[in-house]
Amino acid sequence: MADYEEYKKDSKPLTLFNDETGQSFQIPVLKGNDGPDVLDIRDLYKETGMFTYDPGFTSTASCKSSITFIDGHKGILRHRGYNIKDLAANSDFIEVCYLLLHGELPSSTDKEKFEKVITDHTMLHEQLVYLYRGFRRDAHPMAIMVGVVGALSAFYHDSTDFSDLNQRMIASHRLIAKIATIGAMAYKYSIGQPFVYPKNNLSYAENFLHMTFSVPTEEYKVNPLIANAIDKFFILHADHEQNASTSTVRLAGSSGANPFACIAAGIASLWGPAHGGANEAVIQMLEEISDIKNIPEYISKAKDKNDSFRLMGFGHRVYKNYDPRAEVMKKIAHDVLKELNKLEDPLLKIAIELEKIALQDQYFIDKKLYPNVDFYSGIILKAIGFPTSMFTVLFAIGRTVGWISQWKEMIEDPINKIGRPRQLYTGSQSREYQQLETREKKSIFKWLWKSK
Ligand code: ACO
């Protein structure tokens, strides 16, 4: 506990009193540098014999971290103290990667060196091509991402010993560099085009566009405005504190798993429609709405308790205000569609109108449901030419630096313990074992077959 002493300064412990037993327990209160105070309940079970119950971790801090700060009520997101809007307006993705990984914005010399290190790692081991060929052509690119990133541990043995700082850094650089190549190759594979090798004279975002959209038969010129939009997209997705995929990476890493396997676990978690898969789901929803006149019907569906439909791209576990990333994303959407002469895009019009109607609706006001980062991002990616199945892949590319920075921070935390939540047990109490011939004839399988 000694290393938490500094966080206890100026705080009075909270006393928990059990009326039945008369037992009391003092809970130390930790004060971070920003955000709500945190109850330090690590000794609760030892002292009281009780666990806490918190499904979805709505009130539980699983770690201490100095990477990202969010104030969901004020709509604030900061990386290492810098406001996301300032970073998106003034930095490029490489600078943000450096900031997340090392804690400071780079000097010009350090930026140059860091960019070179990342660029030097963008190629994949040539044998990984055979792994791609093992997938069906219609495989979802996120399925390919999970497989290929996990397989990196079988190719780069010299960076899987996480106890060695040098190996941790090499693994981090490899992941940041290779993830864009892996994502672009997943796309190329799905459309049957040859893989395109990375080019060292291009920026991170330009290179990704080049590997995704160029073909060997033609010269491909990257549109600087589109490259800038993709760069901003990566910045806006770079990290977001202890979300589901980041917590997955930390939990996987807490057992001592290698970093490539941990990031593969994070990608799997990101894939779900309640998380990174939402940008794909937003486009499907907008296409289903298909006309502005149908919006009220979908708003009603979203409000109906008996209907499982939700407005995709709306609501957030942490933001109870406008997601600051959504604000930047909305502006990028406008710029990209203008550049591509697509301002009349019907999906954009439906999205703008849907946002307007929802923000005035009492249900969304009462529940503090605002557009999140995914609401406009799909429109940008679709306009640029990405199929919807690639949307979450782009999210994963941007988020890899956040995952690896959080993983590294966890490994370097002296209080790094294997993650092992407890449970409120609701199953059968102890009962006598029954021999097969004495068991009831009633079969649950009958029901399962019928339900098919
Ligand atoms: N549409 C309609 N109602 C909603 C929506 C929505 N998009 N989101 C939440 N609600 C309602 C819920 O029905 C619930 O109502 P109740 O209190 O009457 O039961 C209330 O608002 C709170 O919702 P929860 O699901 O309890 O909130 P939680 O924090 O668990 O969920 C989540 C957050 C998963 C993001 C949710 O808002 C959602 O499903 N949104 C749509 C999917 C989406 O856009 N996901 C992307 C998230 S951002 C990201 O991952 C990058």
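Ligands are counted one by one from 1 in listed order, and the atoms in each one are counted from 1 as well.
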Report task. Please check if atom CZ in F57 has more than 12 non-hydrogen atoms from other residues, nucleotides or ligands closer than 6.0 Å. Result -> no
Query raised in the report: Any N or O on M312 sitting closer than 3.5 Å to an N or O of ligand 1?
Result: no
Query raised in the report: Which residue owns the protein heavy atom closest to atom 35 (C) of ligand 1, what's the atom, and how far is it?
Result: G315 O, 3.7 Å
Requested in this report: Go through ligand 1 atom by atom and flag the ones less than 4.0 Å from a non-hydrogen atom of G313.
Outcome: 43 (C), 44 (O)
Query raised in the report: By number and element, which atoms of ligand 1 are closer than 4.0 Å to a non-hydrogen atom of D374?
Result: 46 (C), 48 (S), 49 (C), 51 (C)
Query raised in the report: Taking the six-membered ring where the residue is Trp, are the ring centres of F309 and Y298 under 6.0 Å apart?
Result: yes
**Report entry** Shortest protein contact, atom 41 (C) of ligand 1 (heavy atom only)
**Finding:** F314 O, 3.4 Å
Query raised in the report: How many angstroms lie between atom CD of Q360 and atom CD1 of I299, to the nearest 0.5 angstrom?
Result: 10.0 Å
Report summary line: Under 4.0 Å from one or more heavy atoms of Y363, ligand 1 contributes atoms 2 (C), 3 (N), 4 (C), 11 (C), 13 (O)
Query raised in the report: For atom 27 (O) of ligand 1, is some protein heavy-atom partner under 4.0 Å away?
Result: no
Report summary line: For residues 178-188, the side-chain hydrogen bond (donor to acceptor under 3.5 Å, both in side chains) pairs (sequence neighbours left out) are K188-Q193
Query raised in the report: In terms of ring plane angle, is the pair F114 and Y98 parallel, tilted or perpendicular, where the classes change at 30° and 60°?
Result: perpendicular
Query raised in the report: If you measure from atom 45 (N) of ligand 1 to every heavy atom of S308, G277, A274, which option wins on shortest distance?
Result: A274
Query raised in the report: Angle class for the F93/F234 ring planes (parallel below 30°, perpendicular above 60°, tilted otherwise)?
Result: tilted
Query raised in the report: Should the ring pair F213 and F386 be called parallel, tilted or perpendicular, given that the plane angle runs from 0 to 90° and is split at 30 and 60?
Result: tilted
Query - N/O separation below 3.5 Å, G276 to ligand 1 - result: no
Query raised in the report: Given K305, R325, K320, which one has a non-hydrogen atom that is nearest to atom 19 (O) of ligand 1?
Result: K305
Report summary line: for atom 2 (C) of ligand 1, nearest protein heavy atom and its distance come out as A302 O, 3.6 Å
Query raised in the report: Is it true that F17 and F25 have ring centroids separated by less than 6.0 Å?
Result: no
Report summary line: the protein heavy atom lying closest to atom 1 (N) of ligand 1 turns out to be L311 N, 3.1 Å
**Report entry** Close-contact set for ligand 1 against V373 heavy atoms, below 4.0 Å
**Finding:** 51 (C)
Query raised in the report: Is a donor on one side and an acceptor on the other found under 3.5 Å between the side chain of N243 and the backbone of T246?
Result: yes
Requested in this report: Can you label the angle between the H240 ring and the Y319 ring as parallel, tilted or perpendicular, going by 30° and 60°?
Outcome: tilted
Query raised in the report: To which protein heavy atom is atom 48 (S) of ligand 1 closest, and what is the distance rounded to 0.1 Å?
Result: H316 CD2, 3.5 Å
Report task. Would you mind telling me if ligand 1 is within reach of the side chain of F395, the backbone, both or neither, using heavy atoms under 4.0 Å? Result -> side chain
Requested in this report: Over 60° means perpendicular and under 30° means parallel, so classify the ring planes of H140 and W271, tilted if in between.
Outcome: tilted
Query - Protein heavy-atom partner closest to atom 10 (N) of ligand 1 - residue, atom, separation in Å - result: L369 CD1, 3.7 Å
**Report entry** Nearest candidate to atom 12 (C) of ligand 1, where distance is taken over non-hydrogen atoms, out of K367, K301, R310, H275
**Finding:** R310
Query raised in the report: What is the ring orientation for F314 with F364, classed by angle as parallel under 30°, tilted 30 to 60°, or perpendicular over 60°?
Result: perpendicular
Query - A278 neighbourhood, listing ligand 1 atoms whose heavy-atom distance to it stays under 4.0 Å - result: 43 (C), 44 (O), 45 (N), 46 (C)
Query raised in the report: Counting heavy atoms only, which part of D323 comes closer than 4.0 Å to ligand 1: side chain, backbone, both or neither?
Result: neither
**Report entry** For R317, atoms of ligand 1 separated by under 4.0 Å from a heavy atom
**Finding:** 28 (P), 29 (O), 30 (O), 33 (C)
